[in-house]
Amino acid sequence: MIIERIVGNIETAEKLAPHKERVYMESSDLVKRIQRVTTDHGKELGIRLRDAKDLQDGDILYQDEKNMIVISVLADDLLVISPTSLQQMGEIAHQLGNRHLPAQFEGGEMLVQYDYLVEDLLQQLSIPHRREERKVRQAFRHIGHKHD
């Protein structure tokens with residue numbers, strides 16, 4: 001079976017099929033428009049998305065009256081950063097930007113993929129943080145640029 005579009009997302013879908021198969025994916029695979037995956041029931045699928053849209057946790061790849069195939073993102077090794085002031089937020093945001101590290105934000109927390117050098121920096125700057133295995137809804141996307 002070839003999947004060319006996302007049917008919806010289980011968070012917003014009006015009607016869900018009673019039987020659910022899962023495709024477990026690394027967050028880094030969410031940005032790939034073309035890939036081969038296998039469901040937790042052993043069904044092989046090809047994903048070839050027409051639209052340039054990243055996949056997300058909970059996306060429905062296929063659905064009929066009885067069955068659905070849903071993306072489930074595996075947990076990432078993250079640093080969860082909780083700055084206590086605007087000063088700390090500015091310092092760590094500047095440092096992460098210099099390293100070209102993508103970040104995500106959930107509530108009052110900044111999430112970055114684990115890096116021991118960043119963890120050392122956070123300790124040096126006395127910025128509260130913890131290492132945690134956590135599922136992210138979207139891929140960490142690196143944004144390219146030039147230094148002119």
Side-chain angles (χ1 to χ4, degrees), residues 1-83 88-89 92-125 127-147:
M1 175 185 303
I2 303 293
I3 306 298
E4 294 183 326
R5 67 180 184 85
I6 303 303
V7 176
N9 191 288
I10 59 172
E11 299 293 325
T12 57
E14 292 180 20
K15 187 175 179 184
L16 301 176
H19 179 259
K20 191 182 307 174
E21 288 184 55
R22 298 257 181 204
V23 172
Y24 292 97
M25 300 178 85
E26 301 280 337
S27 66
S28 59
D29 291 334
L30 297 174
V31 298
K32 298 177 182 175
R33 287 182 52 219
I34 300 172
Q35 58 187 307
R36 170 166 267 154
V37 297
T38 304
T39 71
D40 59 349
H41 288 66
K43 185 180 295 178
E44 287 193 19
L45 305 172
I47 298 175
R48 184 179 60 220
L49 298 178
R50 293 180 191 167
D51 300 327
K53 176 188 178 291
D54 290 353
L55 298 168
Q56 292 188 346
D57 184 57
D59 276 349
I60 302 168
L61 300 176
Y62 170 81
Q63 182 171 347
D64 62 22
E65 300 79 33
K66 297 180 183 178
N67 301 301
M68 63 191 309
I69 300 173
V70 178
I71 292 175
S72 198
V73 179
L74 299 169
D76 279 298
D77 187 10
L78 302 175
L79 285 169
V80 180
I81 306 168
S82 305
Q88 283 187 345
M89 176 57 90
I92 194 59
H94 177 75
Q95 293 289 336
L96 294 175
N98 280 342
R99 289 170 169 77
H100 306 285
L101 289 178
Q104 294 184 21
F105 298 88
E106 288 184 5
E109 298 175 326
M110 176 187 280
L111 309 176
V112 296
Q113 291 176 309
Y114 179 78
D115 181 303
Y116 73 94
L117 294 173
V118 173
E119 186 174 44
D120 288 346
L121 175 65
L122 290 164
Q123 290 169 350
Q124 291 169 16
L125 296 173
I127 297 176
H129 66 282
R130 66 187 181 279
R131 187 174 178 179
E132 186 176 298
E133 289 282 324
R134 186 188 285 192
K135 184 193 282 196
V136 294
R137 287 192 47 81
Q138 299 176 339
F140 286 94
R141 181 175 281 287
H142 291 271
I143 299 172
H145 74 283
K146 297 180 203 173
H147 288 273

I'd like to know if the side chain of Q95 reaches the main chain of L121, judged simply by a donor and an acceptor atom lying under 3.5 Å from each other, with no hydrogens or angles considered. no

Between D40 and R22 (side chain of the first, backbone of the second, donor and acceptor by atom type, cut-off under 3.5 Å), is there such a pair? yes

Main-chain N/O of L78 paired with D76 side-chain donor or acceptor, under 3.5 Å: no

Give the C-alpha distance, both sets of side-chain angles, the deciding distance and a yes or no for salt bridge (Lys or Arg N to Asp or Glu O under 4.0 Å) between R131 and D77. CA-CA 7 Å; R131 187 174 178 179; D77 187 10; 2.6 Å; yes

Contact check, side chains of P102 and V112, non-hydrogen atoms, under 4.5 Å: no

Find out whether L16 and I60 are in side-chain contact, i.e. whether some heavy atom of one side chain is under 4.5 Å from a heavy atom of the other. yes

Kindly give the heavy-atom pair with the smallest separation between L30 and Q56, and that separation in Å. CD2-N, 4.3 Å

Can R134 and E109 be said to form a side-chain contact (heavy atoms from CB on, under 4.5 Å), step by step? CA-CA 13 Å; R134 186 188 285 192; E109 298 175 326; 3.1 Å; yes

Would you say N9's side chain and D57's backbone share a donor-acceptor pair under 3.5 angstrom? yes

Taking the side chain as everything from C-beta on, heavy atoms only, tell me whether Q35 gets closer than 4.5 Å to L55. yes

Nearest heavy-atom contact between I3 and Y62 is CD1-CB, 4.4 Å

Paired with V80, the side-chain contact (heavy atoms from CB on, under 4.5 Å) test is passed by just one of R130, M110, H129, E106, namely R130

Taking all atoms of both residues into account, what is the closest heavy-atom pair of A17 and D64, and its distance? CB-O, 3.5 Å

E65, CD: over 12 other non-hydrogen atoms inside 6.0 angstrom: no

CD1-CZ distance between I81 and F105, expressed to the nearest 0.5 angstrom: 8.5 Å

Could you grab the distance from atom CG of D59 to atom CZ of R5, nearest 0.5 Å is fine? 12.0 Å

Here the pair of heavy atoms bringing R48 nearest to I34 is CG-CG1, 4.0 Å

Minimal non-hydrogen separation, S27 against A139, with atom names: O-CB, 3.1 Å

Please confirm whether the backbone N or O of K53 pairs with a side-chain atom of R33, one donor and one acceptor, at under 3.5 Å? no

Euclidean distance, K43 NZ relative to I69 CD1, rounded to 0.5 Å: 4.5 Å

Enter the distance from K20:NZ to Q63:CD here, rounded to the nearest 0.5 Å. 10.0 Å

Would you say CG of N98 has more than 12 non-hydrogen atoms from neighbouring residues, nucleotides or ligands within 6.0 angstrom? yes

Given side chains that start at C-beta, do those of K32 and M25 come closer than 4.5 Å, heavy atoms only? no

Any heavy-atom pair between the side chains of H19 and K66 that's under 4.5 Å? no

Could you measure the distance from the CG atom of L122 to the CD1 atom of I92? Nearest 0.5 Å is fine. 4.0 Å

Only one of T39, L49, V70, I47 passes side-chain contact (heavy atoms from CB on, under 4.5 Å) with L61, and that residue is I47

